[in-house]
Amino acid sequence: MDGNIFEKILGQDSLFIDRKAFDHAFEPSNLPHRDHEIESLVRNLVDALNGHIPSNMLLYGVPGSGKTVVTRFVLGQLLDKGVEMGQPVQTYEINCRNVDTKYRVVQTIASQLSRRGDTPIPFTGWPTDRVLETLIYRMDRAGGVHIIVLDEIDNLVARAGDDLLYNLTSLNTVLRNGRCCIIGISNDLNFTQQLGPRVSSRLSQEDLVFHPYGAPEIQDILSERVETGLRDDVLEGGVLELCAALAAQEHGDARRALDLLRISVQKAEQRAQVKVDPRHVRLAQSQLEYDQVTPVLKTLPLHQKLVLFAIKLNEENGLRNISTGEIYRTYADACMKIGFEPLTPRRISSLLNELDTLGLIMARNVSKGRGGRSKQVNSAIPKAIDAISTMGESEPLIGEAALGRYNLQGQL
Ligand SMILES: Nc1ncnc2c1ncn2[C@@H]1O[C@H](COP(=O)(O)OP(=O)(O)OP(=O)(O)O)[C@@H](O)[C@H]1O
Ligand SMILES: [Mg+2]
């Protein structure tokens, strides 16, 4: 090969001016279609600047509806204003997906308040009560209002229960000099059901729901990024509309839309094309689906794979709305072919529910008269993905089962 292998790519003109505009971590200064949510947060948090305690809040909304980015934006402005007014405000953002135990949450906040000469709090090892006492001492020492954001809070509660939330929402009764406000963020609307009634009522003094974005709203969000992130006129007509429409179908997820657009531009670049057109968006969509679905398919346990195999096999034979009876017959047949004992129909029924929850199939309950119920099942795996081969890559027994001959019900 002639010259350095990076040379060719380095010399290429990029269609991006600023790729960072499409990063997940990018924080835009303008957040279209979130005025109401921003205002609700501001109306509550302004109390921190007036010397009062803001209400605790719970923010809900589907993934990609702007909860994190809106909260960061508002807290950033609050900090600036606090400095300007000489009002001490401290904010803490904890992502409970990463920091998911009581000890670690308290340790993280308390460490942020440490001053020179303080004993560092280790990542583990102290009794949790001691860490909590240290936190209270340091919050009082700093004074002012402390705003603790617990992002993806449902993870913390699922893992560690609501004990910590009880402590945190009680802090104002023990703090002498400081004040504290908790903002929980969740994409699970039923999350408060996991909380005890005392914690639940204290935490959700104010609820704020972020509705899913519609296609036109997503298009506005994308347009702003295009202005700063892409060279002029690289998008053919219909590209933004298609990205927005596809992401709106995907529960109105702005993150998905930004990913789609970024990958579409990359697809055009990889083909040394100077314009992005809707075909690139389709390619990007297939890639995203592939990246999303294949790891799930590969990690399914054997019997889940066999159930899905049975569904796919029937579909390839032209059958739609497959009955549980038919799935079971093919599944049991496949088990026999690889020398495994089939699980009971009842177990298969619960495996079908799990596949439904994972989004790999769509199951519909239908009544069969005389109070009998059955399911009708269709796979929900994007067409571009060969599910049987993908499962076979991680599980040779699926490949073996696929070699057999099956007596399938024909197309009805
Ligand atoms: N109104 C908006 N204006 C500009 N960008 C937005 C807006 N809403 C969301 N985004 C962008 O979409 C992406 C997803 O937003 P964000 O991370 O805030 O979603 P979320 O609701 O916190 O999702 P999750 O529940 O998955 O954490 C981010 O890159 C964010 O910058
Ligand atoms: Mg978030």
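Since this is a predicted model, take the numbers as computed values, not measurements. Remember, it's 1-based here, ligands and their atoms both numbered in the order they're listed. Position 1 is the first residue of the sequence; numbering continues from there.
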(message) If the threshold is 4.0 Å, N to carboxylate O, is there a salt bridge linking E400 and K305?
(response)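 No.
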Looking only at heavy atoms, what is the nearest atom pair of [X] and [Y], with distance?
X    : Y    : value
K81  : L49  : CG-CD1, 3.7 Å
H251 : V62  : O-CG2, 3.3 Å
A244 : Q219 : CB-N, 3.8 Å
D140 : N177 : OD1-N, 2.5 Å
A160 : D100 : CB-O, 3.9 Å

Hey, which atoms in ligand 1 end up nearer than 4.0 Å to a heavy atom of [X]?
X    : value
P63  : 23 (O), 24 (P), 25 (O), 26 (O)
R34  : 1 (N)
N187 : 25 (O)
Y213 : 1 (N), 2 (C), 7 (C), 8 (N), 9 (C)

(request) Answer yes or no for T68: is there an N/O/S atom below the 2.8 Å cut-off from the Mg ion (ligand 2)? (result)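 So T68 counts as coordinating the Mg ion (ligand 2), yes.
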Name the closest protein heavy atom to [atom], giving the residue it belongs to and the distance to 0.1 Å.
atom                    : answer
atom 23 (O) of ligand 1 : G64 N, 2.8 Å
atom 22 (O) of ligand 1 : T68 OG1, 2.7 Å
atom 25 (O) of ligand 1 : K67 NZ, 2.7 Å
atom 3 (N) of ligand 1  : P32 CD, 3.2 Å
atom 12 (O) of ligand 1 : A254 CB, 3.5 Å
atom 27 (O) of ligand 1 : R255 NH2, 3.6 Å

Counting only heavy atoms not in [X], do more than 12 sit closer than 6.0 Å to its [atom1] atom?
X    : atom1 : result
R202 : CZ    : yes
R141 : CZ    : yes
R43  : CZ    : no
K275 : NZ    : yes
F16  : CZ    : yes

Taking non-hydrogen atoms only, is [X] closer than 4.0 angstrom to ligand 1 via side chain, backbone, both or neither?
X    : result
L258 : side chain
L31  : both
F210 : neither
V69  : both

(request) Keeping the roles fixed (side chain from D220, backbone from E217), state whether a donor-acceptor pair exists under 3.5 Å. (result) no
Hey, does [X] sit under 4.0 Å from ligand 1 if you only count heavy atoms?
X    : answer
H33  : no
G61  : no
R225 : yes

Under 3.5 Å: N/O of [X] near N/O of ligand 1:
X    : value
I221 : no
G66  : yes
V70  : no

(request) Give a yes/no verdict on a cation-pi contact between R329 and Y406, requiring under 6.0 Å between NZ or CZ and the six-membered ring centre and an angle within 45° of the axis. (result) no
